[in-house]
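This report concerns only the one structure given below.
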Amino acid sequence: MALVPVAEALERLLEGAAPLAGESVPLFEAVDRVLAEPVIALRTQPPFNASAMDGYAARAVDVATVPSRLSVIGMAPAGRGFGGTVGEAQAVRIFTGAPLPEGANTIVIQENVRDLGGSNIEVTEPTAEWRNIRRVGLDFSKGDVLLEKGRVLDPAALSLTASANHPQVNVVKRPLVAIIATGDELLPPGSELGPDQIISSNAYGVAAAAQSVGARAVDLGIAADRKDAIAALVRKAVAAGADVIVTLGGASVGDHDLIHDVLTGEGMTLGFWKIAMRPGKPLMFGRLGNIRCIGLPGNPVASLVCSQLFLKPLLARLGGRDHRQDMRPARLGAAMPANDLRQDYVRAVVREDDGGLVATPFGIQDSSMLRMLADANGLIVRPPFASAAAAGEVCSVLMLR
């Protein structure tokens, strides 16, 4: 089977992927969720002409020239309006948020008023009509579209939704990713290792990549290198309602690389297998009914690079999110050799220098070396058959953080 170019693999992986169905959730559970439908205002805000300041509600004609003397006939605290009408040379003590009394059309702020004793005040600064008043519908009116479908609910959007009188909101379901590690040599962190065993680390990075684009991740554990053990966890993922099944390791061509056989035996239709990239060549993709299956390489760096390039865009699409890789031009901080038929993703340290970015690759790029990936903040992208490049030449960098 010929190696699939990276761009073609991504296009085929995303083909037919659309946002999942919506679900209604309470606002306190809706942070960072994606709207499945627009938010329509169920009320007008403010619902009445409201005072924007603490002061006195009066007629503008009575306070156009100063000093002017007014008689205070009542009080209007927030939440309880004054029931009467403001007449000539009269005022109502009013507080921020309270409804404007009938007859009044301006608010004199309390700093511009002198108490004369009894029920009388003197206005010391002129106040124009409609000053310090929030007019009805200033923010929005009933029936307005406040937030469009696809909006991610940040703090301001959530507050706006609440103010429009929505106790809950319809959001796109978060994709569920079931993660299955494979390998007799693997044990979970905290285990006592035998002489031929290693720690299973990939699931944690893959789960973090999934969660970074709003998906849910469930770790189904480690399957032994037996078809029945792997098949049991695949069936568990299907029963859990997974939208995506991610397998770790076992997707190559060795005697113990069983993922392809197991998944096709469970009914998966193979989409592609083996990508023209480094690291990550063994990546596999297929469909098991409505479930998308991604077989990631077992090497930790390859697994995480493929998660960045393929898993995150897929999950973002299913979750209704707009996801773009952060590609930037940079100058090489060191020379690089010519490339072969695979597209390389080279771990590098990217820094700002003289107004531009400089990307310096690490000298060793073994796909088992996680520490180097943790230290890297970018991947130099070298296209297939790229010629040798000297330090200072322009390259493309995929920023990681």
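FYI, side chains are in, hydrogens and waters are out, and symmetry mates aren't considered; it's all heavy atoms of this structure.
Contact detail for Gly280 and Ala302: the closest heavy-atom pair is N-CB, 3.7 Å. Between Ile94 and Leu100, the closest heavy-atom pair is CD1-CA, 4.3 Å. Here the closest heavy-atom approach between residue Pro313 and residue Leu10 is recorded as CB-CD1, 4.2 Å. Val177 and Ala215 get closest at one heavy-atom pair: CG2-CB, 4.3 Å. Nearest heavy-atom pair, Leu283 versus Pro297, reported as atom, atom and distance to 0.1 Å: N-CG, 4.4 Å. Scanning all heavy atoms of the two residues, the minimum distance from Leu138 to Pro46 falls at N-CD, 3.5 Å.
Surrounding CD1 of Ile364 are at most 12 heavy atoms belonging to other residues, nucleotides or ligands under 6.0 Å away. Counted within 6.0 Å of CZ on Arg12, heavy atoms from surrounding residues, nucleotides or ligands total more than 12; the atom is thus considered enclosed. The neighbour count for Arg131 CZ, taken as heavy atoms of other residues, nucleotides or ligands under 6.0 Å away, does not exceed 12. Applying the 6.0 Å contact sphere to CD of Glu111 captures more than 12 heavy atoms from other residues, nucleotides or ligands. No more than 12 heavy atoms of other residues, nucleotides or ligands sit less than 6.0 Å from atom CD of Glu88. Other residues, nucleotides and ligands place no more than 12 heavy atoms under 6.0 Å from the CG atom of Asn290. Annotation for Glu102: atom CD does not count as buried by contact number, only 12 or fewer foreign heavy atoms lying within 6.0 Å. By the neighbour-count criterion of 12 heavy atoms within 6.0 Å, atom CZ of Arg69 is sparsely surrounded, having that number or fewer from other residues, nucleotides or ligands.
Distance CG/Asp261 to CD1/Ile230: 9.5 Å, rounded to 0.5 Å. To the nearest 0.5 Å, the span separating OG on Ser307 from CG on Leu296 amounts to 5.0 Å. For the atom pair CZ (Arg328) and CG (Leu398), the distance works out to 10.0 Å, reported to the nearest 0.5 Å. Remark: Leu14 CG to His323 NE2 distance equals 10.0 Å, nearest 0.5 Å. Taking OG1 from Thr360 and CE from Met336, the interatomic distance works out to 10.5 Å, rounded to the nearest 0.5 Å. Once rounded to the nearest 0.5 Å, the distance linking OG1 of Thr247 with CG of Leu233 reads 11.0 Å.
A heavy-atom distance below 4.5 Å is found between the side chains of Asn112 and Ile109. Residues Ser141 and Gln45 are not in side-chain contact: their nearest non-hydrogen atoms beyond the backbone lie 4.5 Å or more apart. With contacts defined as side-chain heavy-atom distances shorter than 4.5 Å, the pair Ile275/Val6 qualifies. Between Ile198 and Leu186, some side-chain heavy-atom pair lies under the 4.5 Å cut-off. Looking at heavy atoms from C-beta onward, Ser303 lies out of side-chain contact with Val305 at the 4.5 angstrom threshold. Counting heavy atoms from C-beta outward, Glu148 and Leu35 have side chains that stay 4.5 Å or more apart. Between Ile40 and Pro38, the closest side-chain pair of non-hydrogen atoms falls below 4.5 Å. Side-chain contact check for Met327 versus Val381: some heavy-atom pair is nearer than 4.5 Å.
Ring pair His260/Trp273 is parallel by interplanar angle, where below 30° counts as parallel and above 60° as perpendicular.
Lys149 and Glu37 are not joined by a salt bridge, as no carboxylate oxygen comes within less than 4.0 angstrom of a charged side-chain nitrogen. For the pair Asp32 and Arg321, the salt-bridge criterion is met [side-chain N within less than 4.0 Å of a carboxylate O]. Asp322 and Arg324 are joined by a salt bridge, as a carboxylate oxygen and a charged side-chain nitrogen come within less than 4.0 angstrom of each other. Look at Arg235 and Glu266 and you find a salt bridge, because one of the NZ, NE, NH1 or NH2 atoms lies within 4.0 Å of a carboxylate O, short of that distance. Salt bridge status for Arg331 with Asp353: present, with a side-chain N to carboxylate O gap under 4.0 Å.
Side-chain contact of Gln110 with Asp54: a donor-acceptor pair under 3.5 Å is absent, judged by distance alone. Residues Glu129 and Thr106 have side chains that never bring a donor and an acceptor to within less than 3.5 angstrom of each other. Residues Glu29 and Gln168 bring no donor and acceptor atom of their side chains to less than 3.5 Å of each other.
At least one donor-acceptor pair under 3.5 Å links the side chain of Asp340 to the backbone N or O of Arg342. Between the Asp344 side chain and the Arg382 main chain, no donor and acceptor come within less than 3.5 Å of each other.
Arg292 forms no cation-pi arrangement with Phe285, by the criterion of a distance under 6.0 Å to the ring centre and an angle within 45° of the ring axis.
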Could you check Arg278 against Gln343 for side-chain hydrogen bond (donor to acceptor under 3.5 Å, both in side chains), going step by step and ending with a plain yes or no? CA-CA 6 Å; Arg278 184 177 24 242; Gln343 184 154 296; over 6 Å; no
Assess the residue pair Arg226 and Asp184 against the criterion (salt bridge (charged side-chain N to carboxylate O under 4.0 Å, His left out)); give the C-alpha distance rounded to whole Å, side-chain angles, the decisive distance to 0.1 Å, and a yes or no. CA-CA 9 Å; Arg226 301 192 322 272; Asp184 290 337; 5.9 Å; no
Checking Leu263 against Met284 for the side chain to side chain contact (heavy atoms under 4.5 Å, CB included) test, could you report, in this order, the C-alpha distance in whole Å, the side-chain angles of both residues, the deciding distance, and whether it holds? CA-CA 11 Å; Leu263 287 174; Met284 181 180 65; 3.8 Å; yes
Quick one: do Arg351 and Asn377 satisfy side-chain hydrogen bond (donor to acceptor under 3.5 Å, both in side chains)? Show the steps, please. CA-CA 9 Å; Arg351 58 183 174 82; Asn377 61 341; over 6 Å; no
